[in-house]
J.: 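Take this structure first; my questions come after.
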Amino acid sequence: MAQSCLALAVCVLLVHGGAARVAEAASYNVGNSAGWDISADFPSWLDGKSFFVGDTLVFQYSKYHTLSEVDEAGYRNCSTASAVLSSSDGNTTVALTAPGDRYFVCGNELHCLGGMRLHVPVSEPASPGGAGATPASPGGGGALSPGAAGDAGVPTLDLGGSHRVTVGPAVATWLCIIAAALFVW
Ligand SMILES: *[C@@H]1O[C@H](CO)[C@@H](O)[C@H](O)[C@H]1NC(C)=O
Ligand SMILES: *[C@@H]1O[C@H](CO)[C@@H](O)[C@H](O)[C@H]1NC(C)=O
């Protein structure tokens, strides 16, 4: 009995601690080989991509460009007045920590008007079956942490951003209980 309890305890640790570590976020190089540049075609780059909480965007750019994260109005009118992030180091990594819309522009208004702007919609990771879908919580960062997501959260394993393998915590828990039972016999 003590052994099965120990096995269960180990399993609980694996389910609640290990799941978060298994989740590996997708990293996107914005603009592919062109990078964050006036020559890149960002609408084409965005086409077919889905972004999830936990993913990251990597912006690489020359000294002629900068990166500002702005609000929707700033994105529409190419203004950095509302900037919440401004960077000019040529290599900026942006973490997508919460669901919602993110907007990026080049700080040079002419470059922005010429196409250097990006609207990235960020979603919660999909839940299999859809029954336990959690409502999007604005500002609720770190949705992959087991504590925040609870049983409705789904740990995801990202393979290059296009293939996602999901393992429900409930399934893992049952496998553990079965394993613990076998341990006793
Ligand atoms: C453009 O957007 C910024 C950021 O929201 C805002 O401060 C500014 O007033 C807007 N300008 C115009 C002309 O709409
Ligand atoms: C950009 O920064 C990341 C870390 O933020 C680093 O791993 C990567 O090597 C850098 N790339 C270049 C081209 O400097």
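No hydrogens, no waters, no symmetry mates; every other heavy atom, side chains included, goes into these values. When a ligand or atom number is given, it counts from 1 through the structure's own listing order.
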J.: Can you confirm whether the thiol sulfurs of C106 and C112 sit closer than 2.5 Å?
T.: no

J.: Using heavy-atom distances only, which candidate in N77, V70, D71 approaches atom 6 (C) of ligand 1 most closely?
T.: N77

J.: Counting each atom of ligand 2 from 1 as listed, which ones have a heavy atom of T93 under 4.0 Å away?
T.: 5 (O)

J.: Would a 4.0 Å cut-off, counted as strictly less than, catch a protein heavy atom around atom 9 (O) of ligand 1?
T.: no

J.: Could you state the interatomic distance from OH (Y103) to CZ (R117), rounded to the nearest 0.5 Å?
T.: 12.0 Å

J.: Please round to the nearest 0.5 Å and tell me the distance separating atom CZ of F104 and atom OG1 of T66.
T.: 13.0 Å

J.: At a non-hydrogen distance cut-off of under 4.0 Å, which region of A73 contacts ligand 1 (side chain, backbone, both, or neither)?
T.: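 The answer is both, backbone and side chain.
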
J.: About how many Å separate CG of D71 and OG of S79, when rounded to the nearest 0.5 Å?
T.: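 Nearest 0.5 Å value for the OG-CG distance: 8.0 Å.
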
J.: Would you kindly say whether T93 and T56 are connected by a side-chain donor-acceptor distance under 3.5 Å?
T.: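 On atom types as modelled, these side chains do not qualify, holding no pair under 3.5 Å.
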
J.: Can you list the atoms of ligand 1 that are under 4.0 Å from a heavy atom of S82?
T.: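 The atoms of ligand 1 under 4.0 Å from a heavy atom of S82 are 4 (C), 5 (O).
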
J.: Considering heavy atoms of the protein only, find what lies nearest to atom 3 (C) of ligand 1 and give residue, atom and distance to 0.1 Å.
T.: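 Answer, as residue, atom name and distance: S79 OG, 3.6 Å.
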
J.: How far is atom 13 (C) of ligand 2 from the closest protein heavy atom, and which atom is that?
T.: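 Going atom by atom, the protein heavy atom closest to atom 13 (C) of ligand 2 ends up being Q60 NE2, 3.3 Å.
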
J.: Specify the protein heavy atom at minimum distance from atom 14 (O) of ligand 2: its residue, its atom name, and the distance to 0.1 Å.
T.: N91 ND2, 3.2 Å

J.: Are a donor atom and an acceptor atom from the side chains of T92 and S87 found within less than 3.5 Å of each other?
T.: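 Side chains of T92 and S87: pair found under 3.5 Å.
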
J.: Does any donor atom in the side chain of N108 or H65 lie under 3.5 Å from an acceptor atom in the other side chain?
T.: no

J.: Just which atoms of ligand 1 are under 4.0 Å from any heavy atom in A81?
T.: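 Every atom of ligand 1 under 4.0 Å from some heavy atom of A81: 7 (O).
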
